[in-house]
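Treat the numbers as computed from the prediction; the structure is a model and nothing was measured. One-based numbering, in listed order, for ligands and for the atoms of each.
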Amino acid sequence: MNHLDPRRTIAELKELRSRTADGNGAQRVAFTPIWVETREWLKSKLAALPLETHIDAAGNLWSTLKGESDRSLLIGGHMDSVPNGGWLDGCLNVLAGLEVLRRIDAQYGHRPPLTVRLVDWADEEGARFGRSLFGSSACSGTLDLDEARGLTDKDGVQLPAALTGIGVDFERVKDCGRELKNAAAYLELHIEQGPVLLDLDLPLGVVLGTYGVERHAITFRGQAAHSGSTPMNRRKDAFLAAAQMSPEIYRITERHGGVGTIGSCTTKPGIVTSVVEECRITLDQRHLDADGLARSLADARAASERFAQSGGVEVAWNRIWNIEPVLFDPRLIALCEEAVLATCGKSHRLPSGPLHDAAEVARAGVPTVMMFVQSLRGISHNKIEDTREEHLEMCVTAFDALAEKTLHAFA
Ligand SMILES: [Zn+2]
């Protein structure tokens, strides 16, 4: 008896789009009136099932189908979007999860072997206050309250004030950590948001974890000098040393894997008639393996020192931000692969470049896995974000199969 109806998920995604998007895309920015309306719409869908639904201390929505055991299978996503966002990022997971809940409720006569809980995380995108994964990091306990307390949006509204507006007391947001108490496993479906599955012509993929990130500013300091009077062999050219880093990061990722990006380059004095005195570049390195990330960083540092020395300039590093890689659960990765293979015959394992709420849940120690569905053009956070409808149907089917396998393997 299979009550799963992936077409219904697609119809609901379109219904949501018609309610919450304008000509520029989705406008479900967290804690705004459209987001609140989105929540009400979601609650009306959940009300058709025998679920207990509440909002936790951080504004996350939890909807629970009580099972034979208190141990819980968690299925999560986020209804919020960036401004001018796409129609799938985040809400696909929640609405596919809703469909999975309907199937489980029907199949097990309102009493599955494990308790099953759907969570809609609050402010995954961080679009308004610049802090991504707000609700899930409050829940995992990694949210830095002192840092978050001072965050303001572009109108000067502080995060605690915006939260008061939706009935959330900022000082108590971490109390929601108790929601993870009986968590046995956490599953999240997401659009890939990149081109890997598209290039392989595969509908679905199994996510191994999320990249660790090392983000640094590297400043080279030489000497400003007249561009006409200074012979080439007498220059202390900060730009020359910095520029050599550009091909070097390609060699480093060839050696160690992962990705590396020099995203910014500024020069001083920055005028056409002077040798560059100071050149600041930013380096963003990402890797799924902590050793690989550490080696990539060490190599970049060593190279910068080499280029500085040979160019007669100085170099200084400043860390902007870092996070360790988060690896998903090997048992769930295997179950996810089985579900993908059963649905479309081919599977692929890949890391996630972007961070997701799933990374926070995994950091809290809950066995976690994500499934990716192909993104057309490899684009998201844009109104042109899209996925073929046949692939959307497949992902709901495969995600449901993963939930079913997990219900038994983790019971
Ligand atoms: Zn998302």
Side-chain angles (χ1 to χ4, degrees), residues 9 12-13 16-17 20-21 25-32 34-35 38-39 42 58-61 74-98 100 118-140 143 186-198 204-211 213 286 323 326 328 336 350-363 368-387 391-392 395-396 399:
T9 304
E12 286 175 337
L13 284 164
L16 180 66
R17 178 170 60 184
T20 62
Q27 306 298 344
R28 297 184 303 276
V29 177
F31 314 137
T32 61
I34 294 180
W35 177 79
T38 300
R39 275 273 174 91
L42 175 64
N60 303 306
L61 179 148
L74 310 183
I75 298 175
H78 60 95
M79 295 300 274
D80 73 302
S81 74
V82 295
N84 306 327
W87 71 300
L88 298 170
D89 183 356
C91 53
L92 168 65
N93 335 348
V94 179
L95 295 176
L98 168 64
V100 172
L118 181 68
V119 52
D120 167 25
W121 298 109
D123 198 10
E124 190 272 351
E125 299 287 4
R128 186 167 159 200
F129 294 97
R131 204 306 177 184
S132 303
L133 312 179
F134 170 76
S136 55
S137 65
C139 196
S140 71
L143 180 71
Y186 175 82
L187 310 177
E188 186 172 324
L189 169 70
H190 209 281
I191 53 167
E192 185 201 328
Q193 305 178 279
V196 174
L197 294 172
L198 180 71
L204 304 173
V206 180
V207 186
L208 293 166
T210 56
Y211 275 151
V213 183
R286 303 184 187 220
I323 187 171
V326 175
F328 292 153
C336 188
L350 71 167
S352 172
L355 285 165
H356 290 285
D357 294 310
E360 287 296 336
V361 182
R363 290 172 90 190
T368 294
V369 76
M370 291 184 76
M371 183 184 290
F372 274 171
V373 60
Q374 187 193 103
S375 291
L376 286 174
R377 297 176 283 267
I379 292 284
S380 80
H381 287 193
N382 186 313
K383 68 174 177 179
I384 69 165
E385 166 190 295
D386 205 4
T387 292
H391 290 174
L392 289 175
C395 79
V396 179
F399 192 59

Which of Ser136, Ser132, Ser140 passes side chain to side chain donor-acceptor pair (under 3.5 Å) with Glu360? Answer is Ser140
Here the Zn ion (ligand 1) sees protein N, O or S atoms within less than 2.8 Å, and their number is 3
Arg17 meets the side-chain contact (heavy atoms from CB on, under 4.5 Å) criterion, sequence neighbours left out, with Lys14, Ala21, Trp87
Hey, is Arg128 close enough to Asp123 for a salt bridge, meaning N to O under 4.0 Å?
-> no
**Under 3.5 Å: donor-acceptor pair, side chain of Glu188, backbone of Asn93** = no
Nearest heavy-atom approach of Ser375 to Thr387 is CA-OG1, 4.0 Å
Measure the acute angle between the ring planes of His190 and His356, then classify it against the limits of 30° and 60° as parallel, tilted or perpendicular. tilted
